[in-house]
Amino acid sequence: MLNIYNSLTQTKEEFKPINEGKIGIYVCGITTYDYLHLGHARMMVAFDVITRYLRASGFEVNYVRNITDIDDKILNRASENGELFSDLTDRFIDAMHEDEAALAVLSPDVEPRATGHITEIVDMIKVLIEKDMAYRADNGDVYFSVMNFPGYGKLSKMKMDELLDGARVEVGELKKDPRDFVLWKSSADDGVGWDSPWGYGRPGWHIECSAMSSCCLGDNFDIHGGGSDLLFPHHENEVAQSEAATGKRFANVWMHNGPLRVDNEKMSKSLNNFFTVREILEVYDAEVVRHLLIASHYRSPINYSEQSLQQSTSVLERFYNCLKGLDIVSAKSLTNSRFEKAFCAAMDDDFNTPEAFSVLFEMVKEINKSKETDTGLANQLGALLVRLANLLGILQSTPEEFLRSNIAVEVDEQEIDQLIAARKQARADKDWARADEIRDQLAAMKVVVEDGADGSGWRVER
RNA sequence: GGCUGGAUGGCAGAGUGGUCAUGCAGCGGACUGCAACUCCGUUAACGCCGGUUCGAUUCCGACUCCAGCCUCCA
């Protein structure tokens, strides 16, 4: 039984798909005017784990994650660069795909772009105007009329009158109510835009997601996800637009991943603690970063720091040390194991990855013990460990690949092999001084020697 | 000010009305020429004040503090 926390009801609920065995999930993707940052990566990895697990649980998943490729920030940036906005977005969409692939994030099934759905957006706005849920302002902007949608605030739990208190006083008389938000923005005739019944313009941010989700998954679908910072106003506005337009319930379940902090502060450019995925991956292994992002529950805040990265490194070293020497390729993965049951029980409980990890660590201990006594069992457990870890998107390298490479360290394998051979001779001669000297030499190269019963192995120090 | 969430051992981080989270670090052993890896054992926590209860870190209420959102934001 799968339980998911629903932001709408603020409780964990037993998950029941609309159509038996099938799940439609829509996640708010990114606005593509710059490289992916760590907060984006957190969202992508969180929903990657979720969709991986849903598929492993037997569901047929249709995972839709949109791309906002028209927006003021995009237009401003393109204008600064002196390039076409579409060239800018194409460039950063490619970069996004590279970055998420590096983090082992599987591609969504559909990646709709706002600019590819202008027709649906315009159609939805037409319906909203017909239903008196939206109106055209004098300058050609179209606004959603919040006071005409009685359910406004049900997702974010914001009260209508309190919103009024908090709303900024708008300059001009375009909006009838300060809480109203834009559906269609008029553009200058020579600017970027599309023709519409209200004049030349471009879509507002919120309406894009309403139109694209309906288009890809239908008016009512199973799960809508995104970062918790999108809950208000973005998701609240989506609910209002979609339900006002269709008269049907929008998403059944709302899932929100928690924020990412850097050294316990909100990540922002002004605090100078802003990290892009690609600059982190120049220094840290992708699996280490990925582990950091799933070591906490998806709804909890994550603190990104040098120390947390170190901890994730230690964790992965423990896993890969355990896997070292196992023959998991030809071993059959255990089925119906108590470990797998415990792992699934954790994941079935609102995707509790920290608890799932604790099961994986129990397996590590069991495997390490079995290595001496029952290699067949160790191999089988190892195969299961890799299979379960795959649902989290980690342990997908071989132990050698992981332990012997480090993006931050250059190693010369030939030289290492020579030194290890020389040390082996010294040890055979019981020339411990010489053996230790060679080990120090290797250590200076960031190489750690590990002596085993069947010879000496090595790994790179992290 | 409003809304939402949180406060767990040295650090990270789950969870539970009474009995073990887990990882890192620490401590004591084993293994090792010495290490590393690994194993065995072990220390250590539930913000504060009340209430419910035989018993609360876990439920209820007050308080304090923290974070996110209320403005573009994953």
Side-chain angles (χ1 to χ4, degrees), chain A residues 7 10 27-31 33-34 36-47 65 68 71-73 76 153 155-159 161-168 179 205 225-236 256-261 264-269 291-292 295-297 299-303 305 307-322 324-325 342 346 349 352-362 364-365 367-369 371-372 403 426-427 430-433 435-436 439-440 443 448-453 456-459 461:
Chain A
S7 304
Q10 299 169 288
V27 174
C28 289
I30 68 161
T31 302
Y33 68 101
D34 208 338
L36 239 48
H37 65 238
L38 209 48
H40 296 131
R42 160 68 141 171
M43 172 274 288
M44 290 178 166
V45 169
F47 287 98
R65 195 188 62 205
T68 296
D71 173 270
D72 284 352
K73 279 196 294 271
N76 293 341
L155 177 62
S156 62
K157 320 304 173 200
M158 304 281 250
K159 301 279 188 293
D161 49 345
E162 284 156 1
L163 282 170
L164 198 52
D165 293 342
R168 291 183 308 171
R179 297 164 299 192
W205 176 40
S228 55
D229 53 345
L230 296 187
L231 203 146
F232 188 88
H234 184 54
H235 291 161
E236 190 70 60
H256 290 97
N257 63 272
L260 185 121
R261 294 182 212 154
N264 276 317
E265 288 184 292
K266 184 185 162 84
M267 182 168 76
S268 74
K269 287 185 174 169
H291 175 269
L292 171 72
S296 305
H297 186 87
R299 284 190 281 118
S300 303
I302 289 181
N303 188 40
S305 67
Q307 193 192 19
S308 50
L309 242 5
Q310 275 306 319
Q311 292 216 6
S312 290
T313 300
S314 300
V315 164
L316 285 173
E317 284 186 331
R318 179 162 169 80
F319 278 126
Y320 278 114
N321 270 322
C322 167
K324 201 168 52 180
D349 183 17
N352 193 333
T353 51
E355 191 148 316
F357 268 114
S358 76
V359 177
L360 263 26
F361 284 118
E362 281 178 48
V364 167
K365 183 156 280 191
I367 292 167
N368 281 329
K369 282 196 273 189
K371 275 180 173 174
E372 299 294 312
L403 294 169
R427 293 182 73 213
K430 296 203 189 300
D431 182 356
W432 307 126
D436 290 349
R439 188 164 61 197
D440 290 345
V448 181
V449 193
E450 290 171 348
D451 298 334
S456 300
W458 60 273
R459 66 181 164 85
E461 188 184 326

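Each chain gets a letter, A, B and so on, in the order the sequences are listed, and its residues count up from 1. What's counted below: heavy atoms across the whole structure, side chains too, no hydrogens, waters or symmetry copies.
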Give the dot-bracket line for RNA chain B from 5' end to 3' end: parentheses for intra-strand Watson-Crick or G-U pairs under 3.5 Å, square brackets for crossings, | for inter-strand pairing, dots for unpaired.
(((((((..(((.....[...))).(((((.......)))))....(.(((..]....))).))))))))....
Describe the nucleic acid contact of Q10(A) in one word from base, sugar-phosphate, nothing, applying a heavy-atom distance below 4.0 Å.
sugar-phosphate
Report the nucleotide, chosen from C40(B), A21(B), U38(B), that has the shortest atom-to-atom distance to any side-chain atom of N368(A).
U38(B)
Could you tell me how the ring of F361(A) sits relative to the ring of F319(A): parallel (under 30°), tilted (30 to 60°) or perpendicular (over 60°)?
parallel
Rounded to the nearest angstrom, tell me the gap between atom NZ in K159(A) and atom C1' in U4(B).
11 Å
Readout for nucleotides 31-36 of chain B: B = base within 4.0 Å of protein heavy atom, S = sugar-phosphate only, - = neither; 5' to 3' it is --BBBB
Checking C70(B), G5(B), A14(B) against the side chain of P233(A) (C-beta onward), the nearest is C70(B)
Nearest-Å distance for atom pair CZ/P, residues F361(A) and U38(B):
11 Å
Specify the separation, in whole Å, of atom NZ of K157(A) and atom P of C3(B).
13 Å
Counting side-chain heavy atoms from CB outward, which of A74(B), A67(B), C24(B) is closest to S314(A)?
C24(B)
For D436(A), give me all partners under salt bridge (charged side-chain N to carboxylate O under 4.0 Å, His left out), at least two apart in sequence or on another chain.
R439(A)
Looking only at atom types and distance, does a side-chain atom of S305(A) sit under 3.5 Å from a main-chain N or O of S308(A), one as donor and one as acceptor?
yes
To the nearest Å, give me how far apart CZ (F232(A)) and P (G5(B)) are.
16 Å
Taking any heavy-atom pair under 4.0 Å as a contact, classify S308(A): base, sugar-phosphate, or nothing.
nothing
Under 4.0 Å from OP1 or OP2 of C40(B): is there any side-chain N or O of K369(A) that close?
yes
Phosphate oxygens OP1/OP2 of C73(B): is one of them under 4.0 Å from a side-chain N or O of S228(A)?
no
Under 4.0 Å between any heavy atoms, over every strand shown, what does N257(A) touch: base, sugar-phosphate, or nothing? Just pick one.
base
Any idea which of C40(B), G2(B), G15(B) is nearest the M158(A) side chain?
G2(B)
Tell me whether the OP1 or OP2 atom of C40(B) has a side-chain N or O from K365(A) closer than 4.0 Å.
yes
Heavy-atom donor-acceptor pair, H37(A) side-chain to A74(B) base, under 3.5 Å
yes
At 4.0 Å (heavy atoms only), tell me whether G226(A) reaches a base, stays on the sugar-phosphate, or touches nothing.
sugar-phosphate
Contact class for L260(A) vs. all strands (heavy atom < 4.0 Å): base, sugar-phosphate, or nothing?
base
Considering every strand and a 4.0 Å limit on heavy-atom distances, what is the contact class for K371(A): base, sugar-phosphate, or nothing?
nothing
With no hydrogens and no angle check, just 3.5 Å: does a side-chain donor-acceptor pair link N368(A) and K365(A)?
no
Interatomic distance, CG@N321(A) vs CD1@I367(A), rounded to 0.5 Å, equals 12.5 Å
Tell me whether E236(A) contacts the main-chain N or O of G153(A) through its side chain, where contact means a donor paired with an acceptor under 3.5 Å.
yes
Give a yes or no on whether a donor-acceptor pair under 3.5 Å exists between the nucleobase atoms of G23(B), that is its base, and the side chain of Q311(A).
yes
L230(A) side-chain proximity, nearest of G23(B), A14(B), A74(B):
A74(B)
Parallel, tilted or perpendicular: ring planes of H234(A) versus W205(A), cut at 30 and 60 degrees:
parallel
Toward the 5' end of RNA chain B, which comes first, S296(A) or T31(A), by nearest nucleotide?
S296(A)
Hydrogens and angles aside, do H256(A) and S228(A) bring a side-chain donor and acceptor to less than 3.5 Å of each other?
no
Check every strand shown and say whether S300(A) touches a base, only sugar-phosphate, or nothing at a heavy-atom separation below 4.0 Å.
sugar-phosphate
Are the side chain of H40(A) and the backbone N or O of H37(A) linked by a donor-acceptor pair below 3.5 Å?
yes
Determine: side-chain N/O of N352(A) to OP1/OP2 of G15(B), distance under 4.0 Å, yes or no.
yes
Assign each of G227(A) and P354(A) to its nearest nucleotide of RNA chain B by heavy atoms, then name whichever residue's nucleotide is nearer the 5' end.
P354(A)
Give a yes/no on whether any side-chain N or O of R318(A) is located under 4.0 angstrom from OP1 or OP2 of U22(B).
no
When rounded to the nearest Å, what value does the distance between C1' atoms of U8(B) and U57(B) take?
7 Å
Would you kindly say whether S456(A) and D451(A) are connected by a side-chain donor-acceptor distance under 3.5 Å?
yes
Is there a side-chain contact between M44(A) and R65(A), using heavy atoms and a 4.5 Å cut-off?
yes
